Each structure stands twice: as C-alpha cells, then as structure tokens.
Peer 1: 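This structure is in structure tokens; I'll ask about it shortly.
Quick caveat: nothing in here was measured; it's all calculated off a predicted structure. No hydrogens, no waters, no symmetry mates; every other heavy atom, side chains included, goes into these values.
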Amino acid sequence: MESIASRNGFDYHDTQLNRFAHLQILEKKTIKKPFDLIGHTPMVEITAFPLNKGNRIFAKLENHNLGGSVKDRLGLNIITKALDRGDIKNGQVVEATAGNTGIGLALVCQKYDLKLRVYVPEKFSVEKQSIMRALGAEIINTPTEKGMLFAREEALKYAQETGAFFTNQFESPDNPSSYEGLANEIIADVGRVDMIVAGAGSGGTFTGLAHYFKDAHKVIVEPEGSILNGGASGSHRTEGIGVEKWPDFLPKDLIDAVETISDIDAFTKVSELAKLEGLMQGSSSGAALQAALNQQQHFTNQNIVVIFPDASDRYLSQAIFNIKGE
C-alpha cells in the first residue's frame with residue numbers, strides 16, 4: 001500500500017489501534033517552493049573541540065537558506081514590510097552591502113519584480129557579487145579603502161536623487177525584527193539556551209536574538225578592525241562582520257561580552273571545522289566558533305548556540321583556507 005500511495009503523490013501512515021482496528025491515512029505530498037527554503041535551517045552539535053564539563057556547542061547552519069546565508073531572513077522581512085507600508089514608490093531598491101544582504105534582497109526583489117542597485121566595496125568576495133548579478137542586481141563598486149560607510153553614503157545619495165527605497169540595513173528596525181523566526185527555531189532545536197553567540201555586521205542578528213534570549217549570556221563577535229570593543233576601525237580579512245560605527249538599533253546593555261577575533265584565529269577555525277567536522281563555513285563562522293570556545297572556558301553545563309552565517313564556497317577567491325592569506 002505504501003508504494004502505491006507514494007507513486008500517486010501521497011504519504012502513507014498506518015497505526016494499529018487495537019487488535020480489531022487498523023487506521024490507514026493518506027496525505028497529499030507537499031512539494032516545497034523556493035521561498036519555503038528561507039528559514040528552518042539545520043542545527044548541529046559541534047563535538048570535535050575540547051569543552052569544559054557539561055558544555056555543549058550547537059551551530060545553526062544558515063548557509064542552508066535559499067540564498068546561502070542568514071541574510072535571506074533580512075531580505076525577506078525588510079522588503080515585505082516595506083511593501084506592506086507602501087515605502088517602495090517606484091519599484092527601485094538600493095542598499096550598501098558586502099554581499100550576503102545583497103543576495104537576500106536580490107532574491108526577494110526578483111520575486112516582487114523590483115529593481116535592485118547595490119553598492120559594494122570592490123575587493124569584497126567576487127563570488128557574492130557574481131551571485132547578486134545572476135539574481136538580477138546591479139552592482140556599483142566603491143573604493144575598498146573608503147570602507148562600508150562610504151558605500152552607504154553613495155547608496156543614500158542615489159535614493160535621495162531617484163526616489164529609490166533605501167533599505168538601510170544598518171539603521172532599520174526591520175533588521176533585528178527579521179530574526180524572530182530564527183529565535184523560535186533555536187528554541188525548537190535546543191530547548192534550553194544558556195549562551196548565544198552571533199557576529200556583528202550590521203548587528204541585526206545579534207540584536208534580534210539578544211532581545212529574545214534575555215536570560216542567556218549574550219556574546220557579540222567582531223574581527224580586529226571593528227570598533228565594538230573600543231578599538232580603531234581598520235581592515236580585516238574576515239568578511240560579513242565588523243562595524244565602523246555603533247549600530248543605531250543595538251543597545252549596549254544587551255551585550256554581556258564582546259569577543260574580538262583575529263583573522264588568523266577565524267581562518268584557523270574555518271580550516272578546523274572542515275577537517276574535523278566536515279563543515280564548510282565562512283570566516284565569520286570561524287570567528288563565532290572561536291568566540292564560543294573562548295567564552296565557554298568561564299562556564300560549565302551550558303547549552304551554547306552559535307550562529308554560522310554562511311559557507312566557505314563564496315570566499316574561495318579570498319583564500320579562505322589559507323590561514324596566512326599568502
């Protein structure tokens with residue numbers, strides 16, 4: 001019966017209720033559509049690294065989203081809310097991004113027949129820029145040495161001149177609210193969460209989760225060259241995280257610890273994740289894992305959840321498996 005049901009597009013379930021009654025259920029199979037692949041990403045336990053007594057590290061693999069990163073959640077939320085409010089007046093959207101937000105926005109703009117223009121510092125991942133173009137985005141490169149702040153200024157200038165909707169991921173309250181679903185998934189996956197560890201690019205993922213997990217130990221992760229720990233702004237190889245000014249929507253009292261991770265440590269953990277766990281993750285994931293390993297040394301019997309934002313395949317041109325960057 002099961003094979004007949006499967007051939008006809010049904011799932012088959014049977015239950016023996018008692019010695020006399022047998023229940024058979026046919027359910028029409030549900031085939032997913034592409035946008036069903038945003039959210040509900042897998043959670044895995046990381047077991048290859050030494051931990052204090054009773055500590056467990058769980059990694060949320062956000063590279064399993066449709067566009068390959070946690071920022072798909074942002075793209076979907078920020079565009080649909082803008083459409084609901086009537087903020088997009090002329091069918092044009094503009095943003096400044098190193099890539100993942102642009103990919104998430106490009107997917108959603110494609111779905112709603114919107115034109116997307118993205119300002120990207122020129123030496124950031126060529127893979128991510130290629131993906132954005134493939135999804136229909138127009139890429140405008142800005143000088144790498146002028147940083148993301150300059151790219152943001154150019155995006156805002158374009159919005160003011162043309163009437164395009166500036167998604168403004170670094171200041172929009174729709175950014176942190178994009179991660180309510182992620183928080184609910186984490187609870188469903190793990191149950192008790194004692195520590196949450198997330199990187200800061202725009203700061204939205206951390207902020208959204210920190211609001212939700214108020215009683216957990218909340219760790220924000222940045223590379224050297226980011227300013228959250230009071231250091232000077234500067235260049236770094238770790239992509240996707242690092243801020244040049246404090247995010248407007250991030251209250252400082254939400255943060256229990258700031259972990260500033262060197263490029264060497266982040267890239268070392270990328271290689272170790274590949275060799276020891278078979279996980280091909282980006283440099284921001286390596287930084288987040290190193291931060292979790294640092295923080296767990298001060299605790300025991302903790303359930304620690306780490307957000308892994310994307311995969312290593314979009315950083316191969318950046319020599320992600322070359323620790324020294326030679």
Peer 1: With distance as the sole test, does Ser226 use its side chain to make a donor-acceptor pair with the main-chain N or O of Glu222 at under 3.5 Å?
Peer 2: no
Peer 1: Mind checking whether Asn90 and Phe165 have side chains closer than 4.5 Å, heavy atoms only?
Peer 2: no
Peer 1: Taking Val219 as the starting point, is it possible to reach Phe206 by hopping between hydrophobic residues whose side chains are less than 4.5 Å apart?
Peer 2: no
Peer 1: Measuring from atom NE2 of His40 to atom CG of Asn184, what distance do you get when rounded to the nearest 0.5 angstrom?
Peer 2: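 Interatomic distance, His40 NE2 to Asn184 CG, rounded to 0.5 Å: 9.5 Å.
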Peer 1: Does the side chain of Val93 come within less than 4.5 Å of Thr167's, by heavy atoms?
Peer 2: yes
Peer 1: Among Ile320, Asn63, Asp313, Leu289, which residue satisfies the side-chain contact (heavy atoms from CB on, under 4.5 Å) criterion with Gln281?
Peer 2: Asn63
Peer 1: Please name the pair of heavy atoms, one in Gln169 and one in Glu95, separated by the smallest distance, quoted to 0.1 Å.
Peer 2: N-OE2, 2.7 Å
Peer 1: Between Lys218 and Ala216 (side chain of the first, backbone of the second, donor and acceptor by atom type, cut-off under 3.5 Å), is there such a pair?
Peer 2: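 The answer is yes, because a donor-acceptor pair under 3.5 Å joins these two groups.
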Peer 1: Could you pull out the closest heavy-atom pair between Ala151 and Pro121, with the gap in Å?
Peer 2: CB-CD, 4.3 Å
Peer 1: Between Ile103 and Lys71, is a side chain to side chain contact (heavy atoms under 4.5 Å, CB included) present by the stated rule, with each step listed?
Peer 2: CA-CA 8 Å; Ile103 292 169; Lys71 294 299 184 72; over 6 Å; no
Peer 1: Report the distance from atom CG of Leu250 to atom NZ of Lys252, rounding to the nearest 0.5 Å.
Peer 2: 9.0 Å
Peer 1: Assess the residue pair Lys269 and Ser285 against the criterion (side chain to side chain donor-acceptor pair (under 3.5 Å)); give the C-alpha distance rounded to whole Å, side-chain angles, the decisive distance to 0.1 Å, and a yes or no.
Peer 2: CA-CA 8 Å; Lys269 285 297 173 286; Ser285 301; over 6 Å; no
Peer 1: Going through the checks in order, is the side chain to side chain donor-acceptor pair (under 3.5 Å) test met by Thr300 and Asn52?
Peer 2: CA-CA 6 Å; Thr300 58; Asn52 275 358; over 6 Å; no
Peer 1: Should Tyr179 and Thr207 count as side-chain neighbours, where that means a heavy-atom distance under 4.5 Å?
Peer 2: no
Peer 1: Check for me, please, whether Val221 and Val258 land in the same ILVMFWY cluster - side-chain distances under 4.5 Å, paths through other members count.
Peer 2: no
Peer 1: Using every non-hydrogen atom in the two residues, find where Ser283 and Val270 come nearest and quote the distance to one decimal.
Peer 2: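 Answer, listing the atom of Ser283 first, then Val270: CA-CG2, 3.6 Å.
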Peer 1: Using 0.5 Å steps for rounding, measure from the CD1 atom of Ile38 to the CG atom of Leu66.
Peer 2: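 Between atom CD1 of Ile38 and atom CG of Leu66 there are 5.5 Å.
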Peer 1: Looking only at atom types and distance, does a side-chain atom of Ser172 sit under 3.5 Å from a main-chain N or O of Asn168, one as donor and one as acceptor?
Peer 2: no
Peer 1: Is Asp194 salt-bridged to Arg192, going by a charged N under 4.0 Å from an acidic O?
Peer 2: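 Yes, charged N to carboxylate O under 4.0 Å.
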Peer 1: Would you give the length of the straight line joining atom CZ of Phe267 to atom OH of Tyr315, rounded to the nearest 0.5 angstrom?
Peer 2: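 Here the interatomic distance stands at 9.5 Å.
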Peer 1: Sub-3.5 Å donor-acceptor pair from the side chain of Glu224 to the main-chain atoms of Ile261, do we have one?
Peer 2: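 Answer holds: no.
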Peer 1: For Leu51 versus Ile57, what's the shortest heavy-atom pair and its separation?
Peer 2: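 Looking at all heavy atoms of both residues, the closest pair is CD2-CD1, 3.6 Å.
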Peer 1: Does a salt bridge link Lys115 with Glu138, judged by any charged N lying under 4.0 Å from a carboxylate O?
Peer 2: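 Salt bridge between Lys115 and Glu138, a charged N being under 4.0 Å from a carboxylate O: no.
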Peer 1: Would Leu105 end up clustered with Leu37 when hydrophobic side chains under 4.5 Å apart are linked, directly or stepwise?
Peer 2: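 Same hydrophobic cluster.
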Peer 1: Quick check: do Phe249 and His211 have side-chain heavy atoms less than 4.5 Å from each other?
Peer 2: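 No. Closest side-chain heavy atoms not under 4.5 Å.
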Peer 1: Can any side-chain N or O of Thr101 pair as donor or acceptor with the backbone N or O of Thr97 at less than 3.5 Å?
Peer 2: no
Peer 1: Does a sphere of radius 6.0 Å around NZ in Lys33 hold more than 12 heavy atoms from other residues, nucleotides or ligands, not counting ones at 6.0 Å or beyond?
Peer 2: no
Peer 1: Which is it for Lys245 and Val243 under the side chain to side chain contact (heavy atoms under 4.5 Å, CB included) test, yes or no, and what are the steps along the way?
Peer 2: CA-CA 6 Å; Lys245 77 179 193 73; Val243 298; over 6 Å; no
Peer 1: Side chain to side chain contact (heavy atoms under 4.5 Å, CB included) for Val193 and Asn303? Distances and angles first, verdict last.
Peer 2: CA-CA 5 Å; Val193 176; Asn303 280 350; 5.7 Å; no
Peer 1: Stepwise, does the side chain to side chain contact (heavy atoms under 4.5 Å, CB included) test hold for Val305 with Met195?
Peer 2: CA-CA 6 Å; Val305 174; Met195 185 186 303; over 6 Å; no
Peer 1: Determine whether Val94 and Leu114 fall in the same hydrophobic cluster, where Ile, Leu, Val, Met, Phe, Trp and Tyr are linked whenever their side-chain heavy atoms lie under 4.5 Å apart.
Peer 2: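 Shared cluster, no.
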Peer 1: When rounded to the nearest 0.5 angstrom, what is the spacing between CD in Gln160 and CZ in Phe166?
Peer 2: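 Result: 9.0 Å between the selected atoms.
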Peer 1: Crowded around Asp84 CG? As in, over 12 foreign heavy atoms under 6.0 Å?
Peer 2: yes
Peer 1: Can you name the closest pair of heavy atoms from Asn65 and Gly39 and give their distance?
Peer 2: OD1-N, 2.7 Å
Peer 1: Using 4.0 Å as the upper bound for N to carboxylate O, is an ion pair formed by Lys275 and Glu272?
Peer 2: no
Peer 1: Within the structure provided, determine whether Ile186 and Leu209 are in side-chain contact (heavy-atom separation under 4.5 Å).
Peer 2: yes
Peer 1: Under 4.5 Å between any side-chain heavy atoms of Leu116 and Val118, yes or no?
Peer 2: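 Result yes, sub-4.5 Å side-chain heavy-atom pair found.
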Peer 1: Walk me through it: do Asp310 and Ser69 pass the test side chain to side chain donor-acceptor pair (under 3.5 Å)?
Peer 2: CA-CA 5 Å; Asp310 64 8; Ser69 88; 5.8 Å; no
Peer 1: Between Tyr119 and Arg152, is there a cation-pi geometry (under 6.0 Å to ring centre, at most 45° from the normal)?
Peer 2: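 No, a cation-pi geometry is absent between Arg152 and Tyr119.
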Peer 1: With a 4.5 Å cut-off on side-chain heavy atoms, are Glu244 and Ser233 touching?
Peer 2: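 The answer is yes; the side chains approach within 4.5 Å.
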Peer 1: Taking all non-hydrogen atoms of both residues, which atom of Ile307 and which atom of Leu182 are closest, and how far apart?
Peer 2: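 Heavy atoms of Ile307 and Leu182 come nearest at CD1-CD2, 4.3 Å.
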Peer 1: Roughly how far, to the nearest 0.5 Å, is the CG atom of Leu273 from the OG atom of Ser312?
Peer 2: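 It is 9.5 Å, given to the nearest 0.5 Å.
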Peer 1: Quick one: does Thr41's side chain get under 4.5 Å of Arg73's, heavy atoms only?
Peer 2: yes
Peer 1: Could you walk me through whether Arg56 and Asn301 satisfy the side chain to side chain donor-acceptor pair (under 3.5 Å) test, starting with their C-alpha distance in whole Å, then the side-chain angles of each, then the deciding distance to 0.1 Å, before giving a yes or no?
Peer 2: CA-CA 8 Å; Arg56 302 175 73 187; Asn301 301 310; over 6 Å; no
Peer 1: If two hydrophobic side chains count as joined below 4.5 Å and joins carry through other members, does Phe213 share a cluster with Val190?
Peer 2: yes
Peer 1: Checking side-chain contact (heavy atoms from CB on, under 4.5 Å) between Gln295 and each of Glu259, Gln290, Gln302, which is the one that passes?
Peer 2: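 Between Gln295 and the candidates, side-chain contact (heavy atoms from CB on, under 4.5 Å) is satisfied uniquely by Glu259.
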Peer 1: Distance to the ring centre below 6.0 angstrom and angle to the axis at most 45 degrees; does that hold for Lys111 and Phe35?
Peer 2: yes
